[in-house]
Amino acid sequence: MNGSQTNTAQGTAAGTSPKVAAKQCFLAADRFIKDARYREARLEIEKARRLDPANTYIPAFLDRIAYFEQQQKKERGNVSGKETPALHPSPQPAPSSAAGIQQKIPAAPKPAPVHSEEHPQAPHIAIPKPAPAPVHFSPASQPPVVGTRTEIPPIAPAFVPEEQMEHGAKSAMDVNLQEMKRQIQMLTHALEQEKKAREEMTSQHVHVATTQLRTALEQSWVNGAPNEQETIRLHELAVSLAIPDEAEQTILREVKLKMYSTAVKEVLSKRRLLRSSSSTMEWLRKVYQISMSEYLEYETKFLLDLIADQYKGTVLYVAPTNGSNDDLTRRLKTAGFAVVRAASPEEALGKIEKIYPNLILCQMEFAPGSLSGIKFLHLIRSTNKYTFLPFILICTTAEAGSLQSSELRPHEGFIQSPVDFDELIIVLNEKLLQLRDQISSLS
Amino acid sequence: MKKILLVEDDEDNRDLVSFVLQRSNLSVELVIAENGKEAVQKAVDDRPNLILMDMQMPVMDGWTAVPILKGDDRTKAIPIIAFTSQAKLEDKARTIEIGCVEHYAKPMDPEELLTLIRKYVHE
């Protein structure tokens with residue numbers, strides 16, 4: 001660079017105001033500093049002093065020049081100790097811009113004001129400033145607020161002074177890597193928190209939406225399936241709440257089964273007023289559009305509400321061995337009864353002495369040569385010690401007609417086939433209650 | 001909306017009829033009377049489209065109330081279904097004789113009862 005022609009402020013100072021001329025001197029001095037021509041730089045500052053003695057940049061520039069001179073001397077000393085000293089201090093590596101100086105020098109001896117707004121007359125001088133501190137992303141202690149976006153700063157390498165790099169480049173790199181690693185971990189943590197918050201938000205939204213739909217469905221289904229118009233309205237509500245079809249169907253199914261279950265319980269509590277529990281149940285299934293598969297699937301759930309999970313008594317179940325009778329046995333056991341099976345009245349007579357049942361449940365018809373259910377009932381009645389033993393006959397509709405007109409005793413009863421299990425449980429409970437009362441009154 | 005007057009002294013029976021009607025898809029209003037005397041007054045006041053009348057009740061039974069209703073110009077056109085646990089044939093004939101259009105024997109069957117009600121309450 002041809003500094004003697006381009007750097008000097010001489011000539012430009014003449015004919016202008018002292019302050020402007022001094023500014024030109026500062027600019028020239030700055031260029032000389034960049035070129036490591038400190039003596040010329042000092043001369044420019046001296047010129048500026050003569051033009052504008054009170055300018056606050058004069059001491060700052062002089063300090064700066066002194067600092068660079070000192071640095072230059074140190075570098076020369078180091079180099080001479082290791083290699084052949086360079087003829088010229090360091091014109092080549094000298095930065096060509098203020099930013100270069102800023103990068104090379106960590107701190108200015110005395111920082112001077114640089115804002116031209118505050119000092120309009122001051123030249124634009126690159127004052128050495130500390131390098132920017134590394135940006136550390138500190139995740140918020142609180143999880144990200146729902147609905148706002150978490151600001152994620154860019155990953156910034158840790159600042160390592162050049163000097164440190166020269167003397168311990170490897171360790172500086174390690175520090176850098178460690179810092180970056182730490183920041184990545186923090187970012188990962190922050191992202192996880194944001195993801196969690198979003199999941200919570202989604203979950204909360206789904207919960208609110210499904211609750212809203214469920215409430216609407218319950219209101220509409222309380223007295224059975226709603227009409228077409230109401231069904232459409234409910235579907236539109238589900239759509240507006242962004243509830244998928246599959247979820248809507250699941251909720252609908254749960255609601256209608258719940259409503260049906262409530263209705264069943266209400267009806268069963270008034271069973272004595274109904275002609276037939278099974279036909280009433282069938283009517284309710286139509287009212288609530290419960291398919292047989294749904295009924296069977298949820299039957300156990302309904303029954304759990306109806307029965308207590310405890311020992312209810314021992315039932316001697318007299319019926320031929322087949323699939324449906326086995327199923328009834330299983331369900332009676334689930335309902336809390338101990339069940340002893342007998343395939344015929346004759347077999348039952350053999351077992352009754354051993355097990356002391358609380359109740360006999362017996363079919364009407366058996367294989368030829370065997371006692372009928374009615375004859376077995378009369379046989380039991382005629383035995384003194386079983387006089388009060390509850391006896392339930394399982395009969396067909398036609399047989400039920402004749403039984404109604406016959407004289408069944410209070411602790412005896414019948415239930416029509418196919419057996420409605422809910423009704424059977426109620427009948428069994430009633431008869432056992434009567435037995436309990438009978439025994440209590442005897443004592 | 002059509003009105004049905006249920007005359008019944010047993011609360012459980014009233015609840016059950018109400019339960020069945022609520023689940024019937026019939027758009028009807030259920031008016032309750034607990035005895036025949038109350039029924040006569042409510043029939044005049046509410047002008048129901050159908051009366052379900054229990055025959056055995058305190059204060060005034062159905063056997064007394066039905067002739068009164070049938071003798072009053074304001075209520076004689078209202079169909080009355082005898083809703084009773086008396087299931088003998090002579091009871092049935094007697095209820096028709098005093099002016100009931102049907103005789104329905106308790107205990108009830110929901111579907112059967114609704115079919116009967118629909119016959120007289122056309123929406």
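Letters go in sequence order (proteins before strands), and every chain restarts at 1. Computed from a predicted structure; not experimentally measured.
Between A/L273 and B/M108, the closest side-chain pair of non-hydrogen atoms is not below 4.5 Å. The shortest side-chain heavy-atom distance between A/L274 and B/P110 falls under the 4.5 Å cut-off.
B/N25 approaches A/A225 most closely through the heavy-atom pair OD1-O, 4.2 Å.
Listed by sequence position, the residues of residues 31-38 of chain B in contact with chain A number zero, using a 4.5 angstrom heavy-atom cutoff. Among the residues in residues 10-23 of chain B, those with a non-hydrogen atom closer than 4.5 angstrom to a non-hydrogen atom of chain A are B/D10, B/D12, B/N13, B/D15, B/L16, B/F19, B/V20, B/Q22, B/R23.
Interface remark: B/L114 contributes side-chain atoms only to the contact with chain A (heavy atom separation under 4.5 Å).
To the nearest 0.5 Å, atoms CD (B/E111) and CD (A/E282) are separated by 7.0 Å.
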